[in-house]
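Just so it is clear, the model here is predicted, and its values are computed rather than measured. Counting starts at 1 for both ligands and their atoms, following the listed order.
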Amino acid sequence: MTVPELEPLLVQARDLNLETAVTGVLLYSDGNFMQYFEGSEESTRVTYERIRASRRHEGIIEILNERIAQRSFSDWQMGFAQPTRSELLALSTARWLGMAGQAPGSSAISPGLALLQSFWKRVRR
Ligand SMILES: Cc1cc2nc3c(=O)[nH]c(=O)nc-3n(C[C@H](O)[C@H](O)[C@H](O)COP(=O)(O)O)c2cc1C
């Protein structure tokens, strides 16, 4: 997909996410997407089913699906950014596992999420 083609998809996704109280970010680089989204168990399940059913992509890989203590992108119905190929590679190969198994109440986050948060702080729009 080209970036102009992505615009209607993003508008639709944000509408749906507003309804279901899903928040997150969508990254796009050179034909590859990476998406992080958060919400209730039910909303994220329905959202993931919808994304999986879309014919606009192929080769989907689920990196992680786990409970989180709090949202990281609560202000974003679906933020969008275009990282470089090397940034996307770094984000997608970072260690994402790590929040589960922490002491209850711990606010520690995985290296993957920490990297995504700092990337987003730099580029958000
Ligand atoms: C890259 C990508 C990201 C998407 N993100 C969301 C999302 O955040 N929330 C959502 O409800 N649907 C999301 N969708 C699904 C679309 O909103 C829409 O339901 C789907 O694209 C329609 O199916 P179609 O692409 O086969 O026409 C996403 C789809 C794609 C391809």
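- Within 6.0 Å of atom CD in E41, 12 or fewer heavy atoms from other residues, nucleotides or ligands are found, so the atom counts as exposed in its surroundings.
- Annotation: atom 18 (C) of ligand 1 to nearest protein heavy atom, Q12 OE1, 3.3 Å.
- The shortest N or O to N or O distance between T47 and ligand 1 is not below 3.5 Å.
- Considering only non-hydrogen protein atoms, atom 29 (C) of ligand 1 sits nearest to L9 CD1, 3.8 Å.
- Here is the list of ligand 1 atoms found below 4.0 Å of a heavy atom in I51: 4 (C), 5 (N), 6 (C), 13 (C), 14 (N), 28 (C).
- E66 places no side-chain N or O within donor-acceptor distance of the main-chain N or O of L97, the cut-off being under 3.5 Å.
- Of the protein's non-hydrogen atoms, R55 N, 3.0 Å is the one closest to atom 26 (O) of ligand 1.
- Residue contacts with ligand 1 leave out F37, since none of its heavy atoms falls under 4.0 Å from the ligand.
- Nearest protein neighbour of atom 3 (C) of ligand 1, counting heavy atoms only, is Q35 OE1, 3.5 Å.
- Atoms of ligand 1 lying under 4.0 Å from at least one heavy atom of M78, given by number and element, are 8 (O).
- Close approach of ligand 1 to H57 (heavy-atom distance below 4.0 Å) involves ligand atoms 31 (C).
- In terms of protein heavy-atom proximity, atom 12 (N) of ligand 1 is nearest to R50 NE, 3.8 Å.
- The cationic atom of R52 (NZ for Lys, CZ for Arg) lies less than 6.0 Å from the six-membered ring centre of Y48 and within 45° of the ring axis.
- Hydrophobic clustering, with ILVMFWY side chains joined whenever heavy atoms are under 4.5 angstrom apart, keeps L16 apart from L18.
- Residue-ligand proximity, N17 to ligand 1, at heavy-atom distances under 4.0 Å covers atoms 7 (C), 8 (O), 9 (N), 10 (C), 11 (O).
- In this structure, Y28 is not a member of the same hydrophobic cluster as V11, with clusters built from ILVMFWY side-chain heavy atoms closer than 4.5 Å.
- Nearest non-hydrogen protein atom to atom 25 (O) of ligand 1 is R56 NE, 2.4 Å.
- Cluster annotation: L89 and M34 are assigned to distinct hydrophobic clusters (Ile/Leu/Val/Met/Phe/Trp/Tyr, side-chain heavy-atom contacts under 4.5 Å, transitive).
- Atoms of ligand 1 found under 4.0 Å from any heavy atom of F33 (numbered from 1 in listed order, with element): 1 (C).
- Residue R85 qualifies as open at atom CZ: its count of foreign heavy atoms under 6.0 Å is 12 or below.
- Linking Ile, Leu, Val, Met, Phe, Trp and Tyr whenever their side-chain heavy atoms come within less than 4.5 Å puts L64 and I68 in one cluster.
- Across S92 and I63, no two heavy atoms sit closer than the pair O-CD1, 3.8 Å.
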